[in-house]
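Presented below is the structure to which this report refers.
Values reported hereafter were calculated over all heavy atoms of this structure, with side chains retained and with hydrogens, waters and symmetry mates removed. Letters go in sequence order (proteins before strands), and every chain restarts at 1.
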There are 2 protein chains.
Amino acid sequence: MKLSTRGRYGTKVLLDLALYQGVGPVLLKDISRRQRIPLHYLEHLIAPLIAGGIIRSSRGAKGGIWLVKSPAEIRLSKVILLLEGSIAPAECVTNPKLCESADACVTRDVWLEMENAMNEVLESITLQHLAERHKSKEQLKEKMYYI
Amino acid sequence: MKLSTRGRYGTKVLLDLALYQGVGPVLLKDISRRQRIPLHYLEHLIAPLIAGGIIRSSRGAKGGIWLVKSPAEIRLSKVILLLEGSIAPAECVTNPKLCESADACVTRDVWLEMENAMNEVLESITLQHLAERHKSKEQLKEKMYYI
DNA sequence: TATAAAGTTGATGATTTTAGTCAGGAATAG
DNA sequence: CTATTCCTGACTAAAATCATCAACTTTATA
Ligand code: FES
Ligand code: FES
């Protein structure tokens, strides 16, 4: 039940954009360095995010990528959907035709419940939440250091 | 975020055992046929279930496998844990040492919330629940046919 | 006790997915 | 024009997944 690096890296990319929001285009190179994501791999990760309409990009000097909407409007459910596709624990949850009698299958119901539980979590968290949590952890760290 | 066949097949195996509980050892061959699981693959799936103490087996003629405890005592969380290991969406949720500053990482917190949400679902469902759901679906099907 | 019936174990292989690399191309600011 | 930056598709190495097979051990029972 592991998420692939696409979902994990991608979430970090968007958190990074939320933290640097409003300062113009953010360089992939900088995101790559800050979030420890190989640059050439990162280049591939942003494609679905652009296609999904949550970030935009500009090439050339002073180029980069940035959030299209405010961080408060972007939910992790959307992010994960764009990067990983359906999060369901089994193919047949999303596509019932794959199993012959999906409506009679009780294990499928379980996987569906799991998917719903995960989606509730992801639906409830926005990029703004992530950014706020991050900042509050940073502050805590500074305080700890002061003591 | 897919479950592997180990978890999916394994759950079906245990549901099958719950349905045929009390009638003595159940043949792997029969489970294989009823649940559409390749016999040779099934043979490997039961090893962790035996090691985990939720089923027992007997070799030779009149052999087979059976549940050690009552279906009401076996939760899916246990089953999935035995067959898939930790269900966490990222390695570092279970093993924080893998990332250098796991306690400062907000994405890790998200993956942890997802794991907890899934575990709540799996913890709340026992084999008895599964068996009951299955039987009630069967009855519904018969009624539909009668109409 | 011989025999057939079952589960057990370890080796092996095919296929698919994942994670990453690379080279070349296209757009943009200055 | 040129340096910079994102874009795209092809490619590859490694890992995970999903089995299959053969040899072996245990057990019931005729
Ligand atoms: S496993 Fe697909 S419907 Fe049961
Ligand atoms: S702690 Fe592992 S990804 Fe952040």
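Looking at His40(B), its side chain has no donor and acceptor atom pair within 3.5 Å of the base of dG7(C). Contact annotation: side chain of His44(B) to base of dG10(C), donor-acceptor pair present below 3.5 Å.
With salt bridges taken as basic N to acidic carboxylate O contacts below 4.0 Å, none links Arg108(B) and Glu115(B). Comment: Lys137(B) engages Asp109(A) in a salt bridge, judged by a side-chain N to carboxylate O separation of less than 4.0 angstrom.
The CD1 atom of Ile46(B) sits 8 Å away from the C1' atom of dT8(C) (whole-angstrom rounding). Atom CG of Leu42(A) and atom P of dT21(C) are 12 Å apart (whole Å). Taking atom NZ of residue Lys2(A) and atom P of nucleotide dA19(C), one finds them 12 Å apart after rounding to whole Å. Look at CD1 on Ile55(A): it is 12 Å from C1' on dC7(D), rounded to the nearest Å. Atom P of nucleotide dT5(D) and atom CG of Leu28(A) are separated by 10 Å, given to the nearest angstrom. In this structure, Leu39(A) places its CG atom 11 Å from P of dC7(D), rounding to the nearest Å. In this entry the distance linking CE of Met1(B) with P of dT17(C) reads 17 Å, nearest Å. Going from atom OH of Tyr41(A) over to atom C1' of dT21(C) covers 12 Å, rounded to whole Å.
For the pair Lys62(A) and dT5(D), the criterion of a side-chain N or O lying under 4.0 Å from OP1 or OP2 is not met. In terms of phosphate contacts, Ser58(A) brings no side-chain nitrogen or oxygen within less than 4.0 Å of OP1 or OP2 of dT5(D).
Checking side-chain atoms of Glu84(B) against main-chain N and O of Leu3(B) turns up no donor-acceptor pair under 3.5 Å. Not one N or O on the side chain of Arg56(A) forms a donor-acceptor pair closer than 3.5 Å with the backbone of Ile65(A). Under a 3.5 Å cut-off, the side chain of Lys2(A) and the backbone N or O of Ala88(B) do form a donor-acceptor pair. With hydrogens and angles disregarded, no donor-acceptor distance shorter than 3.5 Å links the side chain of Arg133(B) to the backbone of Val106(A).
Taking only side-chain atoms of Glu43(B), from C-beta outward, the nucleotide of dT4(D), dT26(D), dT9(C) with the closest atom is dT9(C). Picking from dA27(C), dT25(D), dA5(C) the nucleotide with the shortest atom distance to the side chain of Arg59(B) gives dT25(D).
At the heavy-atom level, Ile50(A) lies under 4.0 Å from the strands shown only through sugar-phosphate atoms.
For DNA chain C, the residues of residues 4-25 of chain A within the heavy-atom distance limit of 4.0 Å (strictly under) are Ser4(A), Thr5(A), Tyr9(A), sorted by number.
Nucleotides of DNA chain C nearest to Ile65(B) and Gly60(A) differ in position, and the one nearer the 5' end is that of Ile65(B).
In this structure, Ile74(A) CD1 and Leu130(A) CG are separated by 11.0 Å, a value rounded to the nearest 0.5 Å.
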